[in-house]
> 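What follows is a structure written as structure tokens; I'll ask about it next.
All ligand and atom numbering here is 1-based and tracks the order in the structure.
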Amino acid sequence: MILYREDDYNAMSLRAASIIARELKSNPALTMCLATGETPEQTYRILGNMCKAGDANFSKAATFNLDEYVGLDYGANSYRTYMKNLLFDHVNIRPENTHIPRGNSPDTALECLRYDRLLDSCQSRDILLTGIGMNGHIGFNEPCSALDGRTHIARLSQGTRKANARFFDSIDQVPELAITMGFSDIFHFAKIVLIANGRKKAPIIRELVNSQKITTQNPSLLLKLHRDVTVIIDKEAAELL
Ligand code: F6R
């Protein structure tokens with residue numbers, strides 16, 4: 001695991017965006033897996049600017065998103081809308097190359113299978129950008145006694161719903177279920193980049209970096225089994241190291 005401690009959120013974002021831009025340069029047909037949430041917002045803005053400046057070319061790239069809420073239309077809080085607003089509308093990616101689980105599918109179990117089939121059809125899976133939940137969740141793989149390997153329906157923990165309530169009018173509006181890629185899907189990506197910023201992430205980052213044990217009660221610890229993980233944090237998230 002490579003660890004970069006950056007001065008602030010912007011430097012963290014710049015480091016992550018630069019890694020993605022570098023990978024895109026060496027492999028224009030890059031297959032990426034992307035996260036949503038507050039953490040990657042600036043990374044996406046920087047990638048949009050890089051694309052406008054001719055420093056990143058998404059024309060042959062493909063993206064898969066880690067997760068999507070169940071039951072939301074493509075309205076303000078769906079991850080489809082988030083990705084469109086923050087990244088897809090600002091880079092030259094082909095819309096048909098952007099994949100996000102359809103959380104509004106009438107048959108979510110079938111949707112999980114469809115997403116897995118799409119993932120399985122990739123020639124390669126190159127780089128995955130992820131945030132981390134305060135409880136160590138990756139995607140919506142929440143702490144539990146056993147983790148699912150493939151794309152599945154996840155029940156959001158109360159803590160996660162509370163944390164994500166900031167994007168909604170109230171916690172009652174935060175969906176209870178999401179479709180998320182599982183750890184087998186995540187591990188198929190050759191390179192994993194995890195970003196975290198802010199004091200509230202310091203305890204989980206301390207556990208991720210320092211723990212010698214691996215437990216599904218903190219799913220992020222599974223990343224220690226992957227051979228190419230880069231963790232990029234700002235000063236505040238590094239505070240307890
Ligand atoms: C979202 C996702 C989540 C977030 C995590 C951190 O697609 O996969 O695991 O990465 O909840 O969220 P923020 O960045 O809002 O702190």
> With only distance considered, is Tyr79 within less than 3.5 Å of ligand 1 through an N or O on each side?
no
> Identify, for atom 9 (O) of ligand 1, the protein heavy atom at the shortest distance, and state residue, atom and that distance.
Gly139 O, 2.7 Å
> Distance under 4.0 Å to a non-hydrogen atom of Leu66: what atoms of ligand 1 satisfy this?
8 (O)
> Give me the nearest non-hydrogen protein atom to atom 1 (C) of ligand 1 as residue plus atom name, then the distance to 0.1 Å.
Thr36 OG1, 3.2 Å
> For Ile171, does its backbone N or O pair with a side-chain atom of Arg161 as donor and acceptor, under 3.5 Å?
yes
> Is there a heavy atom in Asp67 that sits closer than 4.0 Å to ligand 1?
yes
> Mark yes or no for whether Asn141, through its side chain, and Ile138, through its backbone, hold a donor-acceptor pair below 3.5 Å.
yes
> With heavy-atom distances below 4.0 Å as the criterion, list the atoms of ligand 1 near Gly131.
10 (O)
> Would Asp185 and Tyr115 count as having a side-chain donor-acceptor pair, cut-off 3.5 Å?
no
> When you look at CZ of Arg166, are more than 12 heavy atoms from neighbouring residues, nucleotides or ligands closer to it than 6.0 Å?
yes
> Please state whether Arg166 comes within less than 4.0 angstrom of ligand 1, counting heavy atoms only.
yes
> Pairs of nitrogen or oxygen atoms closer than 3.5 Å, one from Glu38 and one from ligand 1: do any exist?
yes
> Around atom 6 (C) of ligand 1, find the nearest protein heavy atom and jot down its residue, atom name and distance.
Ile132 O, 3.4 Å
> Taking 4.0 angstrom as the limit and counting only heavy atoms of Gly37, give me the atoms of ligand 1 inside it, by number and element.
14 (O), 15 (O)
> Lys201 near ligand 1, heavy-atom distance under 4.0 Å?
yes
> So, is Thr39 polar-close to ligand 1, with some N/O to N/O distance under 3.5 Å?
yes
> For Ser18 and Leu14, indicate whether the former's side chain and the latter's backbone hold a donor-acceptor pair under 3.5 Å.
yes
> Using a strict 4.0 Å threshold on nitrogen-to-oxygen distance, state whether Lys235 and Glu6 make a salt bridge.
no
